[in-house]
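Here the structure comes first, spelled out in structure tokens, and everything after it is commentary.
Ligands are counted one by one from 1 in listed order, and the atoms in each one are counted from 1 as well.
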Amino acid sequence: MVLTMIRDIAAHVGKEVKLGGWLYNKRSSGKIQFLQIRDGSGVIQGVLVKSQVSPEVWEKANRLTQESSLYVQGTVRKDDRAPSGYELDVTDVDIIQVADEYPISLKEHGVEFLMDHRHLWIRTPRQQAILRIRAEIIRAIQDYLNHNGFTLVDPPILTPSSCEGTTTLFHTKYFDEDAYLTQSGQLYLEAAAMALGRVYSFGPAFRAEKSKTRRHLIEFWMIEPEMAFVDHEGNMKIQEELVSHVVQHVLNQCRRELETIGRDIAPLERVKPPFPRITYDEAVELLKKEGFEFEWGEDFGAPHETKIAESFDRPVFITHYPTEIKAFYMKPDPNRPEVVLGADLIAPEGYGEIIGGSQRIDDPQLLEQRFQEHNLPREAYQWYMDLRKYGTVPHSGFGLGLERTVAWICGLDHVRETIPFPRMLNRLYP
Ligand SMILES: NC(=O)C[C@H]([NH3+])C(=O)NS(=O)(=O)OC[C@H]1O[C@@H](n2cnc3c(N)ncnc32)[C@H](O)[C@@H]1O
Ligand SMILES: [Mg+2]
């Protein structure tokens, strides 16, 4: 008799198997007990017939509570009526632990309650499905980048300076020096790109944002490709190919999970390159036509991004933002220095910005000027300036926010469900 997993049950039809798992749910008709057992790889119904097992086994099954841990033995039977296509005719139950009364019973619960029990909430089918889709998105991203000449490079988490402004830095002490949790690995990836050509990182980023919105996390994960000899247009081309590859991969690999969470996949089936491009100027005009009060030079908020995206049937690039509202490292348009060669990628269905990217300043004098304009501590960036002194080249890159991408692809209302243990304003537990 073999110890197996539910995902492999088809290979054991007609045979006696042993499964380790948890009791997800139980029904009893007095002479038959139906045990819904999950083991992390799937769910199977175990059928226990009173007249066919010893009184001890029947009594043990009777004692089982929601999320009790157990081994169950039985014969695998194909059953097209069963959700998994198979059932287990149970011959023995070995209880590991009868669980205490489980807080996340199968009825509805409030968000804060679920968040306080996130370590248990992730066991539910919906949360499992979302985490599986998250993992497949990561796999697809790495698959695309690894097959397109990119090398994985790991930038530091502890850094001496900021990348995305100084208002959202997490400060810590590095022995007797000041250090900050990384907001983005970008600056280090630029150095790596001068060594390896095309690189990317996949890691956490930290932003002490006092924004309590459905899109903001304090700790989130970002994929940051960086490419030497690639300009602004080439940057967007890589982004649209990457995002399209990821969406198609999820549609091919995660149908069952997408059904579990009730995702309408029609909007995802339209995600194919090329994505439309609209300039900041054109976006401002669009908003004004839609009745928004909006001054040139302002940044777009969620309502603006949502309205802009409504004019398109797939993600849309907004390009050439005002230089004044973007990061110090972005290369201004040589023909119009008041705007930059950068773009945000806005997802449809109101999910907003999922990617921020740009071509980088490669001129040493202009970068020096930016350090002064942005009042950045020059000595902390000496290494970054060296990249403009020792073989500077045109280069570009972008950061894809994993959780916002997961929220969009899964059609979720809030990023809290996109990450195993979300860190948000006023949420550090569990
Ligand atoms: N290598 C690069 O060029 C990346 C660049 N230094 C950067 O960090 N850009 S970004 O600030 O727009 O952040 C990039 C993306 O990171 C996501 N992001 C950015 N901030 C957050 C928060 N607070 N929560 C969740 N997700 C966030 C969002 O999708 C953004 O589009
Ligand atoms: Mg951004």
Side-chain angles (χ1 to χ4, degrees), residues 134 137 141 145 150 153 155 159 161-170 180-193 198-227 230 232 235-236 238-239 242-243 246 280 299-302 304-305 309 315-319 321-322 325-331 340-347 351-361 384 395-409 412 414-419 422-425 427:
R134 174 189 169 106
I137 288 171
I141 289 169
L145 295 172
F150 288 79
V153 168
T159 64
S161 54
S162 70
C163 174
E164 294 298 329
T166 54
T167 58
T168 64
L169 284 170
F170 270 110
Y180 307 96
L181 295 184
T182 181
Q183 297 167 306
S184 159
Q186 175 194 322
L187 307 188
Y188 297 95
L189 290 158
E190 291 184 58
R198 292 189 169 198
V199 296
Y200 74 100
S201 68
F202 170 52
F206 306 86
R207 310 267 173 108
E209 309 223 26
K210 296 237 184 314
S211 315
K212 202 168 170 62
T213 78
R214 65 194 190 98
R215 295 174 176 175
H216 283 87
L217 292 163
I218 306 300
E219 173 186 311
F220 63 96
W221 288 67
M222 200 157 42
I223 292 84
E224 299 193 77
E226 193 72 28
M227 301 80 70
V230 170
H232 166 58
N235 197 18
M236 290 192 289
I238 290 170
Q239 292 170 45
L242 170 62
V243 169
V246 169
Y280 173 89
D299 204 354
F300 297 130
H304 304 122
E305 291 176 348
V316 53
F317 288 109
I318 304 178
T319 70
Y321 281 79
I325 59 174
K326 282 300 191 181
F328 76 91
Y329 53 73
M330 291 197 185
K331 184 180 180 67
V340 289
L341 298 176
D344 282 0
L345 185 63
I346 311 299
Y351 285 95
E353 178 195 340
I354 57 171
I355 292 181
S358 73
Q359 189 166 345
R360 316 327 186 163
I361 290 175
Y384 186 64
H395 62 291
S396 303
F398 60 94
L400 177 143
L402 178 62
E403 287 76 22
R404 291 190 185 177
T405 304
V406 173
W408 162 50
I409 291 177
L412 305 178
H414 197 290
V415 283
R416 67 167 73 91
E417 286 189 276
T418 65
I419 186 167
R423 295 295 175 251
M424 301 185 297
L425 203 55
R427 169 77 51 188

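- Distances from atom 10 (S) of ligand 1 to the heavy atoms of R207, Q186, E224, E219 put R207 nearest.
- Between L169 and A208, the closest heavy-atom pair is O-CB, 4.0 Å.
- At a 4.0 Å heavy-atom cut-off, ligand 1 touches R360 through the side chain alone.
- Note: no N/O pair closer than 3.5 Å links Q183 and ligand 1 by distance alone.
- The shell of residues lying under 4.0 angstrom from ligand 1, judged by heavy atoms, includes E353.
- Atom 29 (O) of ligand 1 has as its closest protein heavy atom I354 O, 2.9 Å.
- A donor-acceptor pair is defined here as one N or O able to donate and one able to accept, closer than 3.5 Å; such a pair exists between the side chain of R404 and the backbone of E353.
- The residue among F398, W221, W408, F220 with a heavy atom at the shortest distance from atom 20 (N) of ligand 1 is F220.
- Contact annotation for E164 and ligand 1: only side-chain heavy atoms (C-beta onward) come within less than 4.0 Å of the ligand.
- For ligand 1, the atoms sitting less than 4.0 Å from at least one non-hydrogen atom of H216 are 23 (N), 24 (N), numbered in the order shown with element in parentheses.
- Here the shortest heavy-atom pairing between G397 and E226 reads CA-OE1, 3.5 Å.
- With hydrogens left out, the protein atom closest to atom 15 (C) of ligand 1 is G399 O, 3.5 Å, a heavy atom.
- Summary of contacts: the protein heavy atom closest to atom 28 (C) of ligand 1 is R404 NH1, 3.6 Å.
- Taking every non-hydrogen atom of Y329 and a distance limit under 4.0 Å, the qualifying atoms of ligand 1 come out as 5 (C), 6 (N).
- T418 contributes atom OG1, which lies 11.5 Å from atom CD1 of I409 (distance to the nearest 0.5 angstrom).
- Atoms of ligand 1 lying under 4.0 Å from any heavy atom of I355, numbered from 1 in the order shown and given with element: 31 (O).
- Atoms of ligand 1 lying under 4.0 Å from at least one heavy atom of E209, given by number and element, are 20 (N), 23 (N).
- The distance criterion of under 3.5 Å between nitrogen or oxygen atoms is met by G356 with respect to ligand 1.
- The closest side-chain heavy-atom distance from I361 to F328 is not below 4.5 Å.
- Judged by the 6.0 Å and 45° rule, R214 forms a cation-pi pair with Y351.
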task: Check the pair Y329 / Q186 against side chain to side chain donor-acceptor pair (under 3.5 Å), numbers first and verdict last.
output: CA-CA 10 Å; Y329 53 73; Q186 175 194 322; 3.2 Å; yes
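- Side chain of R207 to backbone of Q183: a donor-acceptor contact under 3.5 angstrom is found.
- Judged by the shortest distance from any of its heavy atoms, E226 lies outside the 4.0 Å radius around the atoms of ligand 1.
- Contacts between F206 and ligand 1, counted as non-hydrogen atom pairs separated by less than 4.0 Å, are absent for every part of the residue.
- When ring centroids are compared, Y180 and F206 stay outside the 6.0 Å threshold.
- The heavy-atom pair separating H414 from T213 by the smallest distance is NE2-O, 3.5 Å.
- Among all protein heavy atoms, the one lying closest to atom 24 (N) of ligand 1 is L217 N, 2.9 Å.
- Separation of atoms CE (M424) and OG (S211) is listed at 12.5 Å; rounding is to 0.5 Å.
- When distances from the Mg ion (ligand 2) to the N, O or S atoms of E353 are compared, OE2 comes out shortest.
- The protein atom (non-hydrogen) at minimum distance from atom 25 (C) of ligand 1 is R215 O, 3.4 Å.
- Only the side chain of M222 comes within 4.0 Å of ligand 1, counting heavy atoms alone; its backbone N, CA, C and O stay farther away.
- Taking 4.5 Å as the limit, every side-chain heavy atom of T182 sits out of range of all side-chain heavy atoms of P155.
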